[in-house]
Amino acid sequence: MRALGFVCVEVRQLQVTRIADLSRHEGEEVGIQGWLYNKRSSGSISFLIIRDGSGFVQAVAVKAELAPEVYELCDTVTQESSLRITGIVRRDARASGGYELTLTGIEIVALAQEYPISLKEHGADFLLDHRHLWIRGPRQHAALMVRNEVIAAAEGWLRSNGFVKVDAPILTPAACEGTSTLFETDYFGEKAYLSQSGQLYAEAAAMAFGKVYVYGPTFRAEKSKTRRHLIEFWMIEPEVAYADQDDNMVIQEQFVSHIVKSCLQNRRQELTLLGRDLSALEVIEPPFPRVTYDEAVDMLHAAGFEFTWGDDFGAPHEVAISQGFNKPVFVMNYPTQAKAFYMQPMPGRPEVVKCADLLAPEGYGEIIGGSERIHDLALMEQRMKEHKMAPEAYDWYLDLRRYGTVPHSGFGMGIERTVAWITGSEHIREMIPFPRLLNRIYP
RNA sequence: UCCUCGAUAGCUCAGCGGUAGAGCAACCGGCUGUUAACCGGUGGGUCGCAGGUUCGAAUCCUGCUCGGGGAGCCA
């Protein structure tokens, strides 16, 4: 192998193995290329914890069994130096992953400077300033691996159930929901806004492809400063033509259950590392409990909350409502005044709409918001007028009601909130590789 | 925007009117099974910024800046 800059010891060419695959090579000598996570040494034995992106493994270097220059490298290599090693795979009860390596060779690709993130505790501000390095650590690695699983499982379920992925634009001419504050930018002299939802475009696509989903980033210029909010987050938004509210909820409970099941199946090790109580996830399967907004208000009153019918629930209310359930719970049929303009009114009860929020258990709050959409042209025009929306900006959206309109429903699931629930994490900001927070856009 | 807590070594913090401290990290030394390894030693500071009170301010007061937690808004 090629030496890069520093004193290197030739490592024999061997099949390079991913740490995650070590169990398939017990007894064999393999090559690993990665980085030094941590090192402990005691004079004539050194323990190198190496990570390669797929996992972590400890390599044991015994002075008496290695050439002096090889052991010297093991003894002096610094935290987060990049290195290639060779070693014999050995099952060992003392190893955290069940396997470790008896080191036979080492090559330092690049010796790292003094690494800022020690293995001791750090504050949030410091870690967020070093997010580009922080994601190398085991807990962050595990959480982001679960994120990857959530996304893969979500898209996998949708694709295998006939949903077509359509990509909605990020630069949009006007507000989708008209409530949140938008990021404004210049579009060759015209005002443009960063998308806060792909839903309206998903509705158009549903009329073209039947079952569709949009997956993309979402931007909210709200000055939110809580552990549940990001300025930029990712949302997956399925939309189905001819689906009513009940169809919508059935899709959601199957969809969410599949995602949880995939994480339990494929990311069990990461969830365990994060200290997640797996039994709380193992019960997640259809059907999910359903309560109406009216019932939820009664529940709040019974729990001692002062709450006026017609208001939207705040975070403490959501926690209180979900506390009675060990599965995600649908809260259905909110007051029309508390919800977006496009939601279908309940027949015979125009003061509420056919919508459902899905509240995750264990106090994680809303992870999905969904509804049946208004398909009647006249009603949609009336609602847009009530919400003081400029009809010319939404003429294309009204076209969907002019040319072959059908009842349809959809929902949006926040990826980071879902990952926070599944991993049992305190903060949503660690559920995305590079969080955009209030007053923080670095790195 | 509001409420609340905070800012002292590279990091995490203690000190709360009287000479600037600890652990970790770094560096040097020791140790053949370590799991945030351990043991000994060395170097390391504009105590967030500005003003005020005082013989004397990291410490008390005022303002500002930055950050944590929460609310509202939402996924």
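Throughout, protein chains are lettered first and strands after them, A, B, ... in sequence-line order, and every chain is numbered starting at 1.
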Q: Measure from the ring center of A/Y193 to the ring center of A/F183 and say whether it is less than 6.0 Å.
A: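 For A/Y193 and A/F183, the ring centres are not under 6.0 Å apart.
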
Output field: ring centroids A/Y397/A/Y342 closer than 6.0 Å: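 Centroid separation for A/Y397 and A/Y342: 6.0 Å or greater.
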
- For A/V352 and A/Y293, what are the C-alpha separation, side-chain angles and deciding distance, and is it a side chain to side chain contact (heavy atoms under 4.5 Å, CB included)? CA-CA 9 Å; A/V352 299; A/Y293 173 89; 5.7 Å; no

Measure [atom1]/[X] against [atom2]/[N] and give the value in whole Å, please.
X      : N     : atom1 : atom2 : value
A/L438 : B/A71 : CG    : P     : 14 Å
A/F233 : B/C73 : CZ    : P     : 16 Å
A/D125 : B/G6  : CG    : C1'   : 11 Å
A/L133 : B/G10 : CG    : P     : 18 Å
A/W134 : B/C11 : CH2   : P     : 16 Å
A/L359 : B/C74 : CG    : C1'   : 13 Å
A/R429 : B/G68 : CZ    : P     : 7 Å
A/I117 : B/U12 : CD1   : C1'   : 14 Å

For nucleotides [N] and [M], find the distance between their [atom1] atoms and express it as a whole number of Å.
N     : M     : atom1 : result
B/C39 : B/A22 : P     : 15 Å
B/A36 : B/C24 : P     : 15 Å
B/U62 : B/A57 : C1'   : 15 Å
B/C27 : B/G44 : C1'   : 11 Å
B/U65 : B/G23 : P     : 38 Å
B/G15 : B/G51 : P     : 28 Å
B/A9  : B/A58 : C1'   : 14 Å
B/G67 : B/U53 : P     : 32 Å

*Can you tell me how far CG of A/L264 sits from CG of A/L278, rounded to the nearest 0.5 angstrom?*
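Taking CG in A/L278 and CG in A/L264, the distance rounds to 6.0 Å.
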
Distances under 3.5 Å between nitrogen or oxygen atoms of protein and nucleotides 41-44 of chain B:
none

[N] pairs with, by Watson-Crick or G-U criteria that keep both distances under 3.5 Å:
N     : value
B/A57 : none
B/C31 : none
B/G6  : B/C66
B/U46 : none
B/G72 : none

Does [X] reach a base, just sugar-phosphate, or nothing at all? Heavy atoms under 4.0 Å.
X      : value
A/F126 : sugar-phosphate
A/G314 : sugar-phosphate
A/L230 : base
A/I49  : nothing
A/D312 : sugar-phosphate
A/R90  : base
A/K225 : base
A/E100 : base

Heavy-atom closest pair, residues [X] and [Y]:
X      : Y      : answer
A/Y71  : A/I45  : OH-N, 3.0 Å
A/T418 : A/G414 : OG1-O, 2.7 Å
A/S425 : A/M431 : OG-CE, 3.0 Å

Nucleotide by nucleotide, nucleotides 20-32 of chain B touches protein heavy atoms under 4.0 Å in the pattern (B base, S sugar-phosphate only, - none) ----SSS----BB

* To do: By nearest nucleotide on RNA chain B, pick out whichever of A/A95 and A/A315 is the more 5' one.
  =>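 Its nucleotide being nearer the 5' end, the pick is A/A95.
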
Selection: residues 414-427 of chain A, any non-hydrogen atom under 4.0 Å of RNA chain B
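By residue number: A/R417, A/H427.
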
Considering just the side-chain nitrogens and oxygens of A/R228, establish if one lies under 4.0 Å of OP1 or OP2 belonging to B/G69.
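It does not, given that no N or O in the side chain of A/R228 lies less than 4.0 Å from OP1 or OP2 of B/G69.
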
For A/D129 and A/W134, does a side-chain donor sit closer than 3.5 Å to a side-chain acceptor?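 A/D129 vs A/W134: no donor-acceptor pair found between side chains.
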
Worksheet item: Where does the angle between the aromatic ring planes of A/W157 and A/H258 fall among parallel (under 30°), tilted (30 to 60°) and perpendicular (over 60°)?
Response: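 Ring orientation of A/W157 relative to A/H258: tilted.
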
Given salt bridge (charged side-chain N to carboxylate O under 4.0 Å, His left out), test A/R51 with A/E80 step by step and report yes or no.
-> CA-CA 9 Å; A/R51 58 173 193 85; A/E80 285 303 326; 2.7 Å; yes

Consider the side chain of [X], meaning its heavy atoms from C-beta on, and name the nucleotide among [options] that approaches it most closely.
X      : options             : value
A/P316 : B/C74, B/G33, B/G72 : B/G72
A/R40  : B/U34, B/G67, B/A75 : B/U34
A/H229 : B/G33, B/G68, B/C73 : B/C73
A/S224 : B/A75, B/U34, B/G72 : B/G72

Is a side-chain N or O of A/D357 found less than 3.5 angstrom from the main chain of A/V331, in a donor-acceptor match?
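Not a single qualifying donor-acceptor pair exists.
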
Please check this pair: side chain of A/H122 against backbone of A/I117, looking for a donor-acceptor N/O pair closer than 3.5 Å.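 Looks like no, no N/O pair under 3.5 Å.
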
Quiz item: Which of these, A/L274, A/I259, A/V256, sits in a side-chain contact (heavy atoms from CB on, under 4.5 Å) with A/I422?
Solution: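 Only one of A/L274, A/I259, A/V256 forms a side-chain contact (heavy atoms from CB on, under 4.5 Å) with A/I422, namely A/I259.
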
Testing A/V146, A/T423, A/L271 one by one against A/R276 for a side-chain contact (heavy atoms from CB on, under 4.5 Å), which residue passes?
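The passing option is A/L271.
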
- prompt: Per the atom types in the model, does the base of B/C11 pair as donor or acceptor with the side chain of A/H122 at under 3.5 Å?
  reply: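 In this structure, the two groups form no donor-acceptor pair.
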
Against A/K165, only a single residue in A/E155, A/E237, A/E239 fulfils salt bridge (Lys or Arg N to Asp or Glu O under 4.0 Å); can you say which?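 Running salt bridge (Lys or Arg N to Asp or Glu O under 4.0 Å) over A/E155, A/E237, A/E239 with A/K165 returns exactly one hit, A/E155.
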
